[in-house]
Structures are given as structure tokens and as C-alpha cells.
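Below: the structure, in C-alpha cells.
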Amino acid sequence: MSGGRNSIRVLNVAEKPSVAKSVATILSGNQGLRVRDGRSRYNRIFEFPYTINGQSTNMLVTSVTGHLIELEFEDRFRKWHSCDPAQLFQAPVRKFVPSDKLDIKKTLEEEARRCQWLVLWLDCDREGENIAFEVVQVCTAVNPHLTIRRAHFSALIDRDIHEAAQNLVPPNKFFADAVDARQEIDLRIGASFTRFQTMLLRDAFVIDAGNDERNLVLSYGPCQFPTLGFVVERYWEVQSHEPEEFWVINCSHKSDEGISTFNWMRGHLFDYTCTVVIYEMCVQEPTATVTNVRKQEKLKYPPHPLNTIELEKRASRYFRMSSEHTMKVAEDLYQAGFISYPRTETDSFSQRTNLHAIVEEQQGHPVWGSYAQRLLDPGAGIWRNPSNGGHDDKAHPPIHPTKFSAGERSWSQDHLRLYELVVRHFLACVSQPAVGAETTVDIDIAGELFSASGRVILAKNYLDVYCFESWGGSLIPSYVLGQQFVPTSLTLDSGVTRPPPLLSEADLLSCMDKEGIGTDATMHDHIKKLLDRFYATKDANTRFSPTNLGEALVMGYDDMGYQLWKPYLRAVMERDMKAVSEGAKSKDEVLETCLHQMKSCFLDARLNKVKLLQAMEIFFERSNRPAGEEQHTSREVIRPCGLCQESNMVLKQNRDGNFMVGCLGYPQCRNVVWLPGSVSEAAVTTNICNSCTPGPVYLIQFKFRRLEIPPDYNASHLGCIGGCDEILRQLIEICGTGNRTSARGRVPTASSGSAQQSNSRQGACIYCHQGGHSSTDCPSQFSGHQGARSRGRNVQQSDESTISCDICGAPCALRTANTANNRGRKFYSCQSQECNFFVWEDSLNNGSVGRSGQRSTMRASASNSRQGSGRGRGGRGAARGAGVTFVSATGDPVSGRRILSNGLTRSAWNFSVLAVAS
DNA sequence: GCAAGGTC
């Protein structure tokens with residue numbers, strides 16, 4: 001039966017194949033359901049007759065796989081060097097169907113042409129609404145007469161689906177608009193900041209990131225950076241923690257029944273004298289009197305039904321599985337039909353779910369089958385309707401088993417464990433809480449109160465099946481009110497405060513969930529991205545630390561005063577998206593204000609890029625590679641690149657003022673033509689060389705420094721870099737080029753057409769620019785400038801300690817070494833690379849002061865500046881911001897010094913200033 | 001080569 005003559009053809013589209021199948025199965029009642037393949041092998045098409053409000057229809061149900069359309073910059077802005085990253089805030093973007101979705105698009109087009117209605121069965125959230133409009137766009141392009149309708153369902157169960165089909169509504173453009181805005185903002189912010197910081201930093205420093213650092217991408221994203229922020233913030237808290245000694249009185253009592261440990265009601269005291277006084281009192285009158293005996297029944301409740309975040313957190317805690325791996329395994333189990341859809345926010349079961357049926361399936365399991373049987377036995381009294389966790393995404397139920405398995409042959413250990421977790425969690429959810437009897441005994445010794453408690457488990461209930469949790473039960477002897485005894489031990493003990501632990505993966509997921517970073521389906525991606533980008537590492541206990549790279553990036557933005565690494569930006573965006581989805585603000589309005597703000601922020605960050613560079617300098621050695629971004633003071637196109645045939649060659653000036661013509665495709669393409677070192681000015685003209693190819697090759701108007709070229713050459717010259725220019729070739733031979741790493745004289749021959757060479761940093765020392773040794777053992781550091789050691793310190797009026805360059809007399813910069821032998825050690829060096837002047841900072845202090853590692857001085861600095869909420873980043877940042885660290889000659893932190901605003905201290909004592917950050 | 005969001 002394919003519908004009568006009056007029946008209309010309805011194309012129904014779901015967000016994923018599984019939903020299409022469920023909808024088709026439910027609506028057809030499995031009567032007259034036919035299935036055929038579409039062009040995509042995953043997205044099949046179901047057909048059956050159905051009646052909607054008295055109208056007989058021929059239903060076709062198919063699906064997409066998530067978003068059908070992507071957003072990208074127009075082609076001319078897609079290459080990294082195609083434009084200034086700031087332009088990405090307004091560069092035109094386009095929507096397109098990516099190649100792997102073209103077959104789905106084709107199916108939709110073919111079916112839409114033959115239908116009168118289009119009914120959208122996408123998930124009922126904002127992303128789903130946006131995908132709905134993507135489907136509409138594709139279908140109406142081939143059939144503009146389609147009647148468009150939206151089905152709203154809250155669960156894939158009979159009643160909901162039939163109700164949805166009978167109560168079709170128009171789709172909600174506001175919801176879709178909110179996602180459009182989110183996509184565009186994410187793309188523009190992400191691409192602009194990523195290109196900016198990658199090009200600024202990657203080539204400027206020696207970043208050891210495991211693989212080829214030239215391919216290293218220092219990405220920025222509105223989700224990945226706040227995720228990194230959580231990691232860094234906790235790390236800073238741990239780093240800046242000062243252990244504080246505290247004192248505590250412990251009391252125990254041993255009787256025939258066992259030992260009771262009594263805890264001091266004051267907890268612990270930081271005042272030793274005070275604690276000793278109290279302790280002495282207790283010791284002199286040690287008899288304890290029982291002042292209170294309380295007995296209470298305590299319940300330990302089973303967890304809420306399982307949603308994605310909780311699955312990830314528990315798999316991490318119980319099995320140390322990464323969230324990313326957990327989702328991969330869960331997806332496998334889902335695809336094979338063993339568990340329900342794994343990406344769900346929902347942590348409460350619908351009233352209509354047949355929970356008993358799910359338990360029944362598990363009765364045959366060799367391990368937990370007997371528990372399932374007891375659950376189903378009304379006499380056992382273990383059954384309890386599951387709790388409601390308070391989240392509902394209106395699209396999926398909590399994660400639960402959908403098919404029994406005692407383990408499949410193809411399953412890995414992790415498949416087994418994850419399936420077991422899902423089953424046990426489900427069985428726990430429908431179980432009674434554990435019951436315990438708690439006894440608390442309070443005693444009084446010389447007026448001081450102590451307390452002990454114990455617990456007996458009366459009924460384990462859900463804990464019988466949920467073996468991942470325990471409820472420590474410890475018995476204490478019985479006491480009666482007024483009873484007196486002399487404690488077996490009464491001791492005065494000391495301890496130290498401990499820093500909080502580093503964030504575990506479960507902690508990190510909680511932070512993200514709380515601050516709204518990412519979605520249940522993407523959080524694990526953001527965490528993985530931190531590891532992939534070398535921003536953070538994870539130890540065997542699943543605890544995260546930032547890498548130097550991650551810490552430096554966060555530090556740089558923090559020093560700028562920007563909270564780009566905090567979750568606030570995402571929170572503001574989320575509020576705006578909500579306003580759009582409610583129609584309170586328009587998409588264009590939000591896009592304009594948000595992008596305007598972010599562009600100002602971007603431009604400001606770029607102005608303050610020195611902060612990023614300074615932060616990187618703390619951890620990384622400067623590279624002598626030509627910097628990707630910094631050298632481009634001008635970028636005028638000279639010619640198309642004949643080597644990569646993709647990008648243009650542009651006129652550039654490096655940091656030292658030397659000119660070259662290099663390919664914009666650097667570092668993938670290393671094509672470069674170095675120009676004579678005697679060039680003082682170079683400007684691209686509109687004149688085109690009529691002999692060099694590939695063209696056009698624009699001629700350059702050169703000015704040479706008169707004294708650096710032979711007298712018979714003109715100081716002004718209109719030249720071509722394409723290979724035809726004999727004068728330019730001669731001047732290169734005579735004067736050399738501005739390429740420092742290729743020693744003068746080792747110049748490309750212009751006769752080869754376009755002179756090409758690569759700049760290798762191998763073997764070149766950053767101090768003297770000579771090959772044959774590394775910067776850590778540069779002879780210039782040890783013998784070249786011994787004279788500097790006898791120089792006195794040039795203390796200027798500002799109190800800023802500095803010294804002048806031995807050679808040119810300019811003030812030197814104070815830097816921190818990060819080489820293996822001298823990490824954390826400070827040195828002065830001339831900012832001009834011509835001089836190669838260098839001296840260790842500590843050699844100026846008569847050599848009497850030992851070195852102090854960067855880490856320990858940082859910690860000392862935090863202790864000095866700690867005030868108010870000065871823990872963690874605040875403490876450390878304040879000290880670093882003031883630019884000073886004080887350590888006594890013995891290496892102990894100096895306390896009680898007054899820190900002047902210029903970052904130095906005046907001290908009556910002869911404490912040594914070990915480090916003054918520039 | 002860049003984001004985050006769907007999903008296979």
C-alpha cells in the first residue's frame with residue numbers, strides 16, 4: 001500500500017540515521033515499512049503510508065549526519081598569508097556543503113523534488129534547529145513549493161512521536177540564527193587569533209613540541225583556551241601554595257571493643273604556643289568525660305541516571321580512561337546496539353520508559369544477573385524509581401543498556417568495562433540507597449572537646465551492584481553518657497597545609513560543565529586539543545599540568561589584562577545567543593557588537609604583543625630563524641612564486657633592516673631572494689619586467705648606501721629580482737646580502753634566475769651567530785667580554801638596575817636563560833645583534849651570590865606579595881608584575897620588605913637582589 | 001595550517 005491517489009508525499013529528515021529509523025518504525029507501527037538505500041551508505045530511506053490530521057500521506061523518512069553545511073572564509077582569505085589576520089573579523093564568509101556530505105545533499109535533492117511537504121525531525125535544540133534550516137536550504141533550492149514543517153518531540157517513544165507528527169509547527173528561525181551567530185563568531189575569533197599568535201611566536205622561539213615545530217599551530221579557540229585556563233589556574237595555585245605548619249591535638253582510646261580515634265573540635269591551630277598551652281592543660285587533667293552520644297540512620301543514595309559528562313567523569317575516575325577514548329568506545333557500543341545514544345545531557349528517565357524490561361534483560365549475566373533478579377523480586381524490596389538529576393535535552397534518554405551481553409569476542413577490555421559501568425550504573429539507579437547507622441561520641445578533656453564517629457552499614461542495597469563506590473564503615477566501641485576514661489594516647493602533632501591537587505580529567509570536565517564551555521558532545525574534544533597542541537600534559541593519575549607553551553600563552557594574555565583564557569567570554573557569548581534564540585536581539589546586532597569588541601581586543605592584543613613575547617621568553621630560547629610575522633614590516637607583492645606556484649613573493653625587511661623578497665607560503669615554501677646588504681630603501685613600483693618569468697615581476701626602486709657600494713655604481717637603481725638584472729647581481733657579489741645566517745659572500749647566484757636558498761638554523765648560536773656550537777656554550781659568554789665583569793653596575797635614577805653595552809654603550813636588556821645548564825639564570829645582553837655583548841647578571845655581584853632556580857624564586861616572590869586573595873595567580877602575578885624577586889643570601893624568602901612601586905626594595909639589611917625582571 | 005558544533 002503506497003497511499004491513495006490523494007495522498008501527498010512527505011519528506012521527513014532526522015539528524016541521524018538512528019532517529020530516522022526510530023521515527024519510521026514508530027509512525028509505521030512496522031506496518032508496510034519499506035527500506036531502501038540513499039546515495040550515502042549510512043543514511044537509508046524508509047517509506048510507509050501514514051495519516052496526518054486526516055490527510056493520507058506517503059512518508060519518506062531519511063536523515064543527515066549532523067550539520068550539512070559548513071562556514072568558511074572565501075577562498076582568497078583562506079591562506080594564512082593572504083591577508084592581515086585582523087581582516088578576518090570582516091572578511092566575507094560562505095556556506096558550503098563539504099565533500100563528505102555531498103551524497104547526502106544529493107539524496108535530499110532527489111527526494112525533495114518528488115515531495116510536497118518537508119518535515120524536519122532534527123534534535124530539539126538550537127543546533128538541531130540550525131541543521132533544520134540547512135536541510136530547508138538544500139531542499140527548497142530544488143523545490144521551492146515545499147511546505148515546510150517541524151516536528152517537536154521530547155523522546156523517541158510512541159506517544160511523543162505520534163503527537164509530534166500530528167502537531168507540526170513552523171521551524172524556529174531565532175534558534176537557527178543563534179547558531180549562525182555562534183558559528184561566525186567562533187570562526188572569526190579562532191582564525192584571527194590562531195594565525196596571529198602562531199605567526200608571532202612559532203618562529204621567534206625554539207619550541208620543543210615533539211614534532212616538526214614549523215608545522216606547530218598555536219591555536220586559539222573560545223572553548224579550548226578557557227579549558228587551558230582552568231588547567232593553568234590550578235597549576236598556579238599549586239605552585240604558589242606556601243606550606244604552613246599547623247598544630248593539632250590527637251586523642252585515642254583503646255578498649256576491649258577496639259580503638260576510637262577522637263578528633264579535636266578546633267581542627268588545627270597555626271599558633272604553636274597557644275596549642276602547647278591547651279595541650280598542657282589536657283595532659284595535666286587527662287580524664288575524658290563522655291558529653292554526648294548520638295545515633296543516626298544515614299542513607300547513601302545511588303547516582304542519578306547516567307549522562308555523557310557523568311559517563312566520562314566516572315570512566316576517568318574508575319578506569320582512568322580519557323574522555324576522548326571513553327566516547328570512542330561508547331560510540332562503538334552504541335553503533336552495535338548495546339547501549340543507548342551516548343551523547344545526552346539527560347539524567348532522568350521519562351515516566352514512560354519501561355525500566356523493568358531493561359533490568360529483565362540483564363538477569364542472565366553471570367556476575368550481576370542475580371542482582372537484577374533480586375531487583376525484580378518485589379519481596380526483596382530493593383527496587384526504587386530512579387532519581388531525577390534535573391537535566392533534560394528533550395532528545396535522548398539517559399545512557400542505559402539496550403541489549404544484553406556477557407561480553408562480545410570483538411570487545412576490548414575497555415569495551416567490557418564501559419558496558420559494565422553502563423549496566424551497573426543503570427541497576428544502581430533503580431535500587432534503594434545504602435543504609436548505615438552512624439554513632440558520634442563527644443568527649444571533654446579539661447574543657448577541650450573531641451569527637452569520634454563510626455558507621456555500620458545496615459543494608460548495602462545499590463552498593464551491592466555498584467562496586468565502583470564504597471562507603472567506608474568503621475566500628476567504634478560503645479560509650480555511655482557521663483562515662484569517664486583516661487585516653488590511651490594524647491599527643492601534640494604538627495602538620496603542614498597542602499596545596500590543592502592538580503585538576504584531574506573529571507575535575508576539568510566539571511569546570512567546563514559549570515562554566516558552560518563546550519557541549520556534552522564536544523568537551524572531550526577540547527581536552528584532547530590541549531594535549532594535541534602541546535598546551536598541557538596529563539599524568540598517570542589523569543591530572544593535568546600546563547606545558548611551558550600553555551603557561552606562557554595564558555601568562556601573556558593575562559599580562560595584557562585580557563581574560564581571553566577565562567570562561568567569561570564564552571559566557572557572554574552564550575547569553576547573547578540566548579537573546580537571539582528568544583528574539584530579544586537580532587543575529588546581525590549580536591554579530592556586529594561581538595565582532596567589534598573582539599576586533600578591538602585583537603588589535604589591542606597585537607599592540608601588546610610584547611607581553612606574549614616576554615612571557616614566552618621566560619620559558620623558551622629565542623630562535624634565530626627569520627620570524628614569520630615580525631619580519632613583515634612591508635608586504636608588497638613582487639611576483640608569483642615560481643617554486644611553490646601557490647603564493648606570491650613579497651618584499652620584506654627583517655628585524656635588522658635587511659631586505660629580501662620571500663614567498664608568502666613560508667615556511668612551507670622557502671623561496672627567498674636576498675637583496676644586497678647595502679640597500680637602504682626599496683619600494684615596489686608598478687613597472688613590470690618584460691623578460692623575467694613567471695610574471696608579472698614588478699621592478700623595485702632601490703637606494704643604496706653610498707659608502708657601501710663602489711663609486712662607479714649609482715646609489716639609485718630601478719632593479720629586477722627575476723634574474724635579468726646584472727647590476728643587482730654584481731652588487732650582491734660585492735656587498736653580500738642581509739642574510740646573516742648565510743655568511744657574507746656565500747650569496748646566491750643571480751644567474752640561476754631566481755636565487756633560492758633555505759635558512760637553516762642548524763648550528764647557529766643565538767649570541768654570536770656563528771656555527772659550530774650551540775648558544776649554551778657560546779665562547780662569547782665566557783671569554784669574549786670578560787671586561788664587562790669588572791664594570792660597575794650602572795644604577796640609574798629610576799633605581800632600575802642596568803648596565804651598558806661594552807661595545808655600543810646602549811643600555812642592555814636583562815633576560816632569563818632557559819638553556820639546560822643555566823635555566824633561570826639572568827644575563828644582560830645588548831639589544832643590537834651587531835655587538836654580541838653578553839654578561840651574566842650574577843657575575844656583577846662579585847660572584848658571591850649563588851644562583852637560584854626560576855621555580856623557587858617564583859615561589860618566594862609569591863610569598864612576598866601575598867595579600868588578600870593573593871594566592872595562586874594573583875600572588876605570583878603581582879610579584880612578577882612588580883618585576884622583582886627577593887631571596888635572602890641563605891635562599892630563604894625575605895619577608896616584611898617594603899616593595900617600592902618601581903619594583904625594587906630599599907633595605908637596611910644587605911639582602912641580595914637576585915633577579916630583576918626587565 | 002585556524003573554531004566549535006553536529007555525527008559515521
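Residue numbering restarts at 1 for every chain, and letters A, B, ... go by the order of the sequence lines.
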Would you mind classifying the nucleic acid contact of [X] as base, sugar-phosphate or nothing, using non-hydrogen atoms under 4.0 angstrom?
{"X": "Leu71(A)", "value": "base"}
{"X": "Tyr341(A)", "value": "sugar-phosphate"}
{"X": "Gly518(A)", "value": "sugar-phosphate"}
{"X": "Lys328(A)", "value": "nothing"}
{"X": "Phe193(A)", "value": "nothing"}
{"X": "Asp123(A)", "value": "sugar-phosphate"}
{"X": "Pro85(A)", "value": "nothing"}
{"X": "Arg126(A)", "value": "nothing"}

Select one nucleotide: of [options], the one nearest the side-chain heavy atoms of [X].
{"X": "Leu187(A)", "options": "dA4(B), dA3(B), dG1(B)", "answer": "dA3(B)"}
{"X": "Tyr42(A)", "options": "dG6(B), dC8(B), dA4(B)", "answer": "dC8(B)"}
{"X": "Thr194(A)", "options": "dC2(B), dC8(B), dA4(B)", "answer": "dC2(B)"}
{"X": "His526(A)", "options": "dG5(B), dC8(B), dC2(B)", "answer": "dG5(B)"}
{"X": "Glu72(A)", "options": "dC2(B), dG5(B), dA4(B)", "answer": "dC2(B)"}
{"X": "Glu70(A)", "options": "dC8(B), dG5(B), dG1(B)", "answer": "dG5(B)"}
{"X": "Thr198(A)", "options": "dG1(B), dA4(B), dG6(B)", "answer": "dG1(B)"}
{"X": "Thr522(A)", "options": "dG5(B), dC8(B), dC2(B)", "answer": "dG5(B)"}

**Report entry** Listed once per pair and sorted, the salt bridge (charged side-chain N to carboxylate O under 4.0 Å, His left out) pairs that draw on residues 507-522 of chain A, sequence neighbours left out
**Finding:**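 Passing the test, one end in residues 507-522 of chain A: Asp507(A)-Arg543(A).
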- Message: Can you pull out every salt bridge (charged side-chain N to carboxylate O under 4.0 Å, His left out) where at least one residue sits in residues 16-27 of chain A? Sequence neighbours excluded, please.
- Response: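 Matches after skipping sequence neighbours: Lys16(A)-Asp123(A).
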- DNA chain B: 5'-proximal contact among Lys16(A) and Phe73(A) (nearest heavy atom):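 This one resolves to Phe73(A).
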**Asked** Nearest nucleotide by nearest heavy atom, which residue falls closer to the 5' end of DNA chain B, His396(A) or Arg188(A)?
**Response**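 It is Arg188(A) whose nearest nucleotide is closer to the 5' end.
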Does the side chain of [X] pick up a donor-acceptor pair with the side chain of [Y] at under 3.5 Å?
{"X": "Ser63(A)", "Y": "Asn43(A)", "value": "yes"}
{"X": "Tyr341(A)", "Y": "Arg343(A)", "value": "yes"}
{"X": "Ser219(A)", "Y": "Arg533(A)", "value": "yes"}

Does a side-chain N or O of [X] approach OP1 or OP2 of [N] to a distance below 4.0 Å, or not?
{"X": "Arg343(A)", "N": "dC8(B)", "value": "yes"}
{"X": "Ser40(A)", "N": "dC8(B)", "value": "no"}
{"X": "Arg570(A)", "N": "dG5(B)", "value": "yes"}
{"X": "Arg533(A)", "N": "dA3(B)", "value": "yes"}

Just the rounded figure in Å: distance from [atom2] of [N] to [atom1] of [X].
{"X": "Lys101(A)", "N": "dG5(B)", "atom1": "NZ", "atom2": "C1'", "value": "10 Å"}
{"X": "His524(A)", "N": "dG6(B)", "atom1": "NE2", "atom2": "P", "value": "11 Å"}
{"X": "Asn130(A)", "N": "dG6(B)", "atom1": "CG", "atom2": "C1'", "value": "10 Å"}
{"X": "His67(A)", "N": "dT7(B)", "atom1": "NE2", "atom2": "C1'", "value": "10 Å"}
{"X": "Asp103(A)", "N": "dT7(B)", "atom1": "CG", "atom2": "P", "value": "18 Å"}
{"X": "Leu333(A)", "N": "dC8(B)", "atom1": "CG", "atom2": "C1'", "value": "16 Å"}
{"X": "Lys528(A)", "N": "dA4(B)", "atom1": "NZ", "atom2": "P", "value": "14 Å"}
{"X": "Glu574(A)", "N": "dA3(B)", "atom1": "CD", "atom2": "P", "value": "20 Å"}

### Task
For Asp532(A), enumerate each residue passing the salt bridge (charged side-chain N to carboxylate O under 4.0 Å, His left out) test, keeping only those at least two apart in sequence or located in another chain.
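If we apply the salt bridge (charged side-chain N to carboxylate O under 4.0 Å, His left out) test to Asp532(A), skipping adjacent residues, the hits are Lys528(A).
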(Q) Are there over 12 heavy-atom neighbours, none belonging to Arg36(A), within less than 6.0 Å of that residue's CZ? (A)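 More than 12 heavy atoms, drawn from other residues, nucleotides or ligands, come within 6.0 Å of this atom.
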Inset, instruction - Let me know which of Glu129(A), Glu127(A), Glu184(A) forms a side-chain contact (heavy atoms from CB on, under 4.5 Å) with Val179(A). - result: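 Looking at Glu129(A), Glu127(A), Glu184(A), the match for Val179(A) under the side-chain contact (heavy atoms from CB on, under 4.5 Å) is Glu127(A).
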Exercise for the section: Residues of residues 171-184 of chain A with any non-hydrogen atom less than 4.0 angstrom from an atom of DNA chain B: list those, numerically ordered, please. Expected result: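 Heavy-atom cutoff 4.0 Å gives Arg182(A), Gln183(A).
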**Asked** Below 3.5 Å, does any donor atom in the side chain of Thr65(A) face an acceptor in the base of dC8(B), or the other way round?
**Response**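 By the distance-only test, yes, there is a pair.
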Which donor-acceptor pairs under 3.5 Å do side chains of residues 597-604 of chain A form with protein atoms, sequence neighbours excluded?
{"unit_1": "Lys599(A)", "atom_1": "NZ", "unit_2": "Gln90(A)", "atom_2": "OE1", "d": "3.1"}
{"unit_1": "Ser600(A)", "atom_1": "OG", "unit_2": "His596(A)", "atom_2": "O", "d": "2.9"}
{"unit_1": "Asp604(A)", "atom_1": "OD2", "unit_2": "Tyr562(A)", "atom_2": "OH", "d": "2.7"}

Item to complete: Name all pairs fulfilling the side-chain hydrogen bond (donor to acceptor under 3.5 Å, both in side chains) condition that reach into residues 91-104 of chain A, sequence neighbours left out, sorted by first residue then second.
Response: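 Qualifying pairs, neighbours excluded: Lys95(A)-Asp180(A).
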- request: Please answer whether dG1(B) and Trp80(A) are stacked, defined here as ring centres separated by less than 5.5 Å and planes angled under 30°.
  value: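 Aromatic stack with dG1(B) present for Trp80(A).
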